[in-house]
There are 2 protein chains.
Amino acid sequence: MAAAIERDEMLTVFGRCTVEYEGRAASHLGPGDRLVVLKPDGTALVHTDEGQKPVNWQPPGCSHEVRLADGAVRIESRRTGPDEELTVAFERIEQVSTFDVTDRRDLSLQGTEEDLRQRILETPDLVEEGFTPLATERETPAGAVDVYGRDRDGRTVVVELKRKRVGPDAVGQLDRYVEALERDLHANAEIRGILISPSVTERARNLLAEKGLEFVSVGPPE
Amino acid sequence: MAAAIERDEMLTVFGRCTVEYEGRAASHLGPGDRLVVLKPDGTALVHTDEGQKPVNWQPPGCSHEVRLADGAVRIESRRTGPDEELTVAFERIEQVSTFDVTDRRDLSLQGTEEDLRQRILETPDLVEEGFTPLATERETPAGAVDVYGRDRDGRTVVVELKRKRVGPDAVGQLDRYVEALERDLHANAEIRGILISPSVTERARNLLAEKGLEFVSVGPPE
DNA sequence: TTGTCGATCTCGCAT
DNA sequence: ATGCGAGGTCGACAA
């Protein structure tokens with residue numbers, strides 16, 4: 001096992017173990033059968049038989065160590081900044097495998113917020129007739145605005161994009177940008193804020209109304 | 001492999017494969033060496049040599065199918081509501097392992113927001129001298145308030161808790177609760193909003209000032 | 001390093 | 001099923 005880590009191989013260990021973690025938080029996990037994966041980039045994963053997320057883990061950049069104490073295997077994975085330590089103590093090991101892996105990680109993904117932005121820029125009328133995009137990621141004191149532009153009457157428009165149905169948080173985000181711009185441009189001219197997503201929840205709709213913001217239903221292409 | 005899935009065992013497959021996904025979004029991943037994990041609860045994970053998150057996945061509740069097409073193994077994992085499908089097509093398999101797993105998933109975790117709440121309830125003076133908690137998770141039209149109480153002068157106080165340093169989003173959250181309560185109680189009496197976390201970012205601090213909200217630095221115990 | 005925000009977020013809980 | 005918020009969120013990108 002230690003040799004496999006040394007060789008920068010991927011290592012999987014299955015067996016009965018306990019897990020301790022201390023770092024940004026702290027946790028204890030009693031004995032059980034789990035799959036442990038150590039990656040050459042310093043990632044550690046502890047998976048139970050349920051759930052998509054590991055029950056315990058360590059992020060990339062950690063250094064893994066395998067020790068033998070009282071005839072039992074312990075895996076210790078550490079990092080600094082923030083200081084964190086994960087310890088997996090096996091009482092029984094069913095299987096160990098190692099793989100020599102190199103992967104060109106060329107995932108192509110569609111249906112993202114970026115795709116929605118492209119769609120809006122190609123067809124600005126989806127926002128409303130006469131809308132003219134002027135910039136994306138335009139900086140404000142409150143953060144970057146997804147799409148910044150003008151309506152047919154020359155009024156400034158702030159557009160916030162979300163790829164899926166949104167709740168109150170997205171409205172808060174849009175509101176921050178609008179308020180920051182009103183402050184920044186100290187323009188008395190009203191700035192319009194438009195939320196674009198497939199749909200909104202009831203609370204989000206109410207919040208939009210309270211804040212005087214607008215909603216247009218558009219989703220990512222396809 | 002199919003038999004292992006039938007028996008509700010955990011299955012790991014390592015080999016060279018391509019991956020297609022279509023559902024909430026859609027993705028394509030070219031050939032490469034990956035570790036595929038199929039869990040008895042219907043979770044599928046595709047891990048490369050890097051990163052803590054799987055490059056592709058399927059959530060719990062999916063049904064896995066293993067097919068042989070042109071002498072090549074294909075794993076298909078489907079679910080409905082939303083409809084999603086993940087396909088892993090192997091061109092070479094290095095190793096297959098199965099495990100019979102049952103795990104009582106009894107993780108104990110410290111350092112959470114809940115721990116911070118307990119700390120505040122035990123020592124309300126950490127908020128400020130004379131603060132009296134009246135309720136947790138108090139409902140408002142904008143959602144549940146973490147801690148709801150009164151200050152020494154009898155003014156209503158809304159407390160929002162965060163276990164770590166926070167940004168603008170947490171301020172927006174607190175502001176929504178305060179505004180909802182002011183509306184709900186249609187009280188002319190001002191309602192105080194206090195954000196409690198170890199620290200805040202600059203923008204968050206500015207937002208707090210703009211909204212007339214307050215900040216107190218407290219973190220989870222230890 | 002820190003800040004900010006998207007994510008096929010996941011997960012748990014309540015309605 | 002949907003809504004809402006926490007998370008050791010992770011990951012990417014910018015300052």
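Since the structure is predicted, the reported quantities are computational estimates derived from the model, not experimental observations. Both backbone and side-chain heavy atoms feed into the values below; hydrogens, waters and symmetry mates do not. So that the names make sense, note that chain A is the first sequence line, chain B the second, and so on, each numbered from 1.
- Remark: B/Asp146 engages no residue in a side-chain hydrogen bond (donor to acceptor under 3.5 Å, both in side chains) (not counting sequence neighbours).
- Residue contacts shown for A/Gly81 are limited to sugar-phosphate atoms, with no base heavy atom under 4.0 Å away.
- A gap of 13 Å separates the C1' atoms of C/dA7 and D/dG7, to the nearest Å.
- Identified under the side-chain hydrogen bond (donor to acceptor under 3.5 Å, both in side chains) test for residues 191-200 of chain B, with sequence neighbours left out: B/Glu128-B/Arg192, B/Asp151-B/Arg192, B/Arg165-B/Ser199, B/Arg192-B/Glu214.
- Nucleotides of DNA chain D lying under 4.0 Å from heavy atoms of chain B occupy a range whose first and last members, 5' to 3', are D/dG5 to D/dG11.
- Scored by the ring pair (Phe, Tyr, Trp, His ring centres under 6.0 Å) test, B/Phe14 finds A/Phe99 as partners (sequence neighbours excluded).
- Listed by chain and residue number, nothing satisfies the side-chain hydrogen bond (donor to acceptor under 3.5 Å, both in side chains) test with A/Thr12 (two or more places apart in sequence, or in another chain).
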Show me the side-chain donor-acceptor pairs of residues 27-36 of chain A shorter than 3.5 Å, one per line, residues at least two apart or across chains.
from	atom 1	to	atom 2	distance (Å)
A/Ser27	OG	A/Asn56	ND2	3.1
A/His28	ND1	A/Glu20	OE1	3.1
A/His28	ND1	A/Glu20	OE2	2.5
A/Arg34	NE	B/Asp103	OD2	2.9
A/Arg34	NH1	A/Cys17	O	2.6
A/Arg34	NH1	A/Gly30	O	2.7
A/Arg34	NH2	A/Gly30	O	2.8
A/Arg34	NH2	B/Asp103	OD1	3.0
A/Arg34	NH2	B/Asp103	OD2	3.4

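- Counting heavy-atom neighbours within 6.0 Å of A/Glu22 CD, excluding the residue itself, gives a total of 12 or less.
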Exercise for review: Using a 4.0 Å cut-off on protein heavy atoms (strictly under), produce a 5'-to-3' string for nucleotides 4-13 of chain C with B for base contact, S for backbone-only sugar-phosphate contact, and - for none.
Suggested key: SSSSBSSS--
Atom pairs and distances, donor-acceptor, side-chain atoms in residues 167-178 of chain A, under 3.5 Å, two or more places apart:
from	atom 1	to	atom 2	distance (Å)
A/Gln173	OE1	A/Lys162	NZ	3.3
A/Gln173	NE2	A/Glu160	OE2	3.3
A/Gln173	NE2	A/Tyr177	OH	3.3
A/Asp175	OD2	A/Lys211	NZ	3.4

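- In terms of the salt bridge (Lys or Arg N to Asp or Glu O under 4.0 Å) criterion, residue partners of B/Arg74 (sequence neighbours excluded) are, by chain and number, B/Glu76.
- Residue pairs meeting the side-chain hydrogen bond (donor to acceptor under 3.5 Å, both in side chains) criterion with at least one partner in residues 35-47 of chain A, sequence neighbours excluded, are A/Lys39-B/His47, A/Asp41-A/Thr43, A/His47-B/Lys39.
- Here, D/dC10 and D/dA6 have their C1' atoms 14 Å apart, quoted to the whole Å.
- Under the salt bridge (Lys or Arg N to Asp or Glu O under 4.0 Å) criterion, the residue pairs touching residues 57-66 of chain B are B/Glu65-B/Arg67, B/Glu65-B/Arg78, with sequence neighbours excluded.
- Residues from residues 214-222 of chain A with heavy atoms under 4.0 angstrom of DNA chain D: there are none.
- Atom C1' of D/dG5 sits at a distance of 13 Å from the matching atom of D/dT9, rounded to the whole Å.
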Practice item. Walk me through it: do B/Thr140 and B/Asp184 pass the test side-chain contact (heavy atoms from CB on, under 4.5 Å)? Key: CA-CA 8 Å; B/Thr140 77; B/Asp184 209 32; 5.7 Å; no
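- For the P atoms, the distance from D/dG11 to C/dC11 is 15 Å, rounded to whole Å.
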